[in-house]
Amino acid sequence: TFVWNTMIRGSQKNQDPIKTLILFYRMRAENIQPDNFTYPFVVRACADLQDLCRGKWVHGQLMKTCLETDIYVATNLIELYVSCGDVRVAQRVFDEMPVRDTISWTAIMSGYVNQYDSDMKMAQQIFDEMPIRDVVAWNTMIAGYVKIGNMEVARTLFDRSPTKDLLTYNTLLGGYAKYCETEVVLRFFEAMPERDVVSWNSVIGGFVQNKRVNEAMSFFHRMQIENVKPNMVTLVGVLSACAQVGALDTGRWIHWYIEKNKVSLN
RNA sequence: UAGGUUCCUA
C-alpha cells in the first residue's frame with residue numbers, strides 16, 4: 001500500500017488526475033487495500049475532473065471502510081462537493097465529522113463563499129463559530145466580502161485580522177483594483193510590505209480595466225526593474241490592454257518577449 | 001506519503 005500511495009502522490013504532483021484514478025483502480029484490481037492516505041488523492045482527482053458521479057461512488061467506498069470520517073479524507077470530500085456546486089452535501093459531510101480542525105472549518109466556509117451565489121451570511125456564521133481562526137480563515141472571509149463587492153466590510157476585517165500575510169494584502173488589493181479608483185489601488189500597493197507577481201498583476205489589471213494602457217505598460221516595465229518575473233496572467237492582461245487600444249506594435253513586442261523569455265505557458 | 005485563502009483572456 002505504501003508503494004502505491006507513493007505512486008499516486010507522484011501522479012498528483014504531475015497534475016494527472018486520470019493517472020491517479022488508473023492507479024487507484026489497478027490497486028483495487030490487485031486486492032490492495034487503499035487506506036486513509038490513498039483516498040485524499042483519489043477524491044481530489046475526482047474534483048479536478050469535475051466528476052461528481054465517480055466522487056459519489058468513491059464516497060460510497062469510503063463509507064464501507066469507515067474511512068469517511070478521517071479528517072483529511074472528509075475535508076477533501078467537502079472540497080469535492082463544493083467544487084461540483086453541492087454545498088448542501090458538503091455541509092452534511094462536515095456535520096458528520098467527529099473531529100474537525102481549522103482546515104475543515106475553513107473548507108466548508110470557503111464553500112459558501114465560492115458557490116455561485118456567495119452566501120456570506122452562512123460564511124460569517126461559520127467564521128464566528130469556529131474555535132480557532134488562523135490567517136487563512138481571515139483571508140477567506142476578506143475574499144468573500146471582496147467577491148460580493150462589499151469593500152467596507154472587507155477593509156474592516158482586514159484591519160481587524162491579527163496577522164496578515166501576502167495573500168491578505170493581495171486579496172484586498174484585488175478588490176480595490178476591481179472596484180476602486182486607480183489612486184486608491186496605488187496608495188495601497190505602495191504601502192504593502194511585500195509584493196509578488198500577483199500584486200503586480202492586480203494593479204496592471206486595474207489599469208487595463210480603466211483603459212489606462214500606458215500606465216499598465218509602465219508598471220509592466222517597472223515590475224521587471226524590480227526583478228518580479230511576469231507570468232501568463234501578466235501577459236494576458238497587458239496583451240488585452242494592447243488589443244483594446246489597437247497597440248499593435250506593443251503587442252508584437254510582448255509576443256517577442258514571450259518567446260525570448262520562454263514564459264511558462266499554460 | 002495527504003487537505004483550506006489572492007491575480008485570469010471578447
Side-chain angles (χ1 to χ4, degrees), chain A residues 1-13 20 34-45 47 67 70-80 82-83 90 93-94 97 100-114 123 126-127 130 132-147 154 157-158 161 164-178 185 189 192 194-209 219 223 228 230-244 251 254 265-266:
Chain A
T1 302
F2 177 82
V3 176
W4 284 88
N5 285 349
T6 307
M7 291 197 295
I8 285 183
R9 172 168 165 262
S11 72
Q12 191 211 242
K13 263 185 125 175
T20 304
D35 62 11
N36 53 324
F37 290 101
T38 317
Y39 276 107
F41 294 108
V42 178
V43 174
R44 166 61 74 105
L67 288 172
D70 176 88
I71 195 159
Y72 283 89
V73 173
T75 305
N76 272 286
L77 282 171
I78 291 173
E79 289 194 79
L80 166 73
V82 164
S83 77
V93 173
F94 178 82
M97 291 175 76
R100 303 165 184 138
D101 63 8
T102 306
I103 297 188
S104 31
W105 280 93
T106 309
I108 187 62
M109 192 177 83
S110 150
Y112 286 102
V113 168
N114 290 321
I126 293 168
F127 184 71
M130 58 194 290
I132 296 175
R133 288 173 281 270
D134 65 6
V135 64
V136 178
W138 283 91
N139 290 350
T140 305
M141 286 303 286
I142 295 169
Y145 283 108
V146 165
K147 194 180 168 210
L157 281 178
F158 175 88
S161 60
K164 301 170 183 37
D165 61 11
L166 185 51
L167 287 201
T168 321
Y169 285 92
N170 280 345
T171 303
L172 198 67
L173 177 70
Y176 285 142
K178 206 176 209 114
V185 181
F189 178 79
M192 284 170 60
E194 292 292 334
R195 306 171 191 99
D196 67 357
V197 63
V198 174
S199 330
W200 287 91
N201 289 349
S202 293
V203 172
I204 291 173
F207 282 133
V208 172
Q209 191 175 297
F219 264 69
M223 75 187 282
V228 180
N231 62 13
M232 272 317 279
V233 177
T234 321
L235 297 168
V236 165
V238 177
L239 272 177
S240 95
C242 295
Q244 277 182 32
I254 291 168
L265 306 166
N266 238 342

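All chains are named by letter (A, B, ...) in the order of the sequence lines, taking the proteins before the strands, and each is independently numbered beginning at 1.
- Among the heavy atoms of the strands lying under 4.0 Å from A:Asn5 is at least one base atom, whether or not backbone atoms are also near.
- Qualifying side chain to side chain donor-acceptor pair (under 3.5 Å) partners for A:Tyr112, counting only residues two or more places apart in sequence or in other chains: A:Gln91.
- Evaluation of the side chain to side chain donor-acceptor pair (under 3.5 Å) rule for A:Tyr39 yields no partner, not counting sequence neighbours.
- In RNA chain B, no stem built from three or more successive Watson-Crick or G-U pairs (distances below 3.5 Å) is found.
- We find that CG of A:Asn139 is positioned 9 Å from P of B:U6, with the value rounded to whole Å.
- Ranking B:G4, B:A2, B:U5 by closeness to the A:Pro40 side chain, first place goes to B:A2.
- With B:U1, B:G3, B:A10 as the candidates, the nucleotide lying closest to the side chain of A:Arg9 is B:U1.
- With sequence neighbours left out, the side-chain contact (heavy atoms from CB on, under 4.5 Å) criterion links A:Ala90 to A:Ile78, A:Tyr81, A:Val82, A:Ile108.
- Side-chain proximity of A:Arg44 to the nucleotides B:G3, B:U6, B:U1 is greatest for B:G3.
- Every residue two or more places apart in sequence or in another chain was checked for a salt bridge (charged side-chain N to carboxylate O under 4.0 Å, His left out) with A:Arg100, and none qualifies.
- Nucleic acid contact for A:Ile71: base, since at least one base atom lies under 4.0 Å from a heavy atom of the residue.
- Within the 4.0 angstrom heavy-atom criterion, no nucleotide atom of any strand lies near A:Thr168.
- Listed by chain and number, the residues in a side-chain contact (heavy atoms from CB on, under 4.5 Å) with A:Ser199 are A:Leu166, A:Asn170, A:Leu173, A:Phe189, A:Met192, A:Arg195, A:Asp196 (sequence neighbours excluded).
- For the side chain to side chain donor-acceptor pair (under 3.5 Å) test, no residue two or more places apart in sequence or in another chain qualifies with A:Thr75.
- In this structure, A:Ser240 reaches the sugar-phosphate backbone alone: every heavy-atom distance under 4.0 Å involves primed, P, OP1 or OP2 atoms, never a base.
- Note on A:Thr106: a base of the nucleic acid sits closer than 4.0 angstrom, heavy atoms only.
- Contact check of residues 194-201 of chain A against RNA chain B (heavy atom, cut-off under 4.0 Å) returns A:Val198, A:Asn201.
- A:Asp165 is linked by a side-chain contact (heavy atoms from CB on, under 4.5 Å) to A:Val135, A:Asn139, A:Leu167, A:Thr168, counting only residues two or more places apart in sequence or in another chain.
- In this structure, of B:A2, B:G4, B:U5, it is B:A2 that holds the atom nearest to the side chain of A:Phe41.
- You'll find that the side chain of A:Val236 is closest to B:U9, out of B:U6, B:U9, B:G3.
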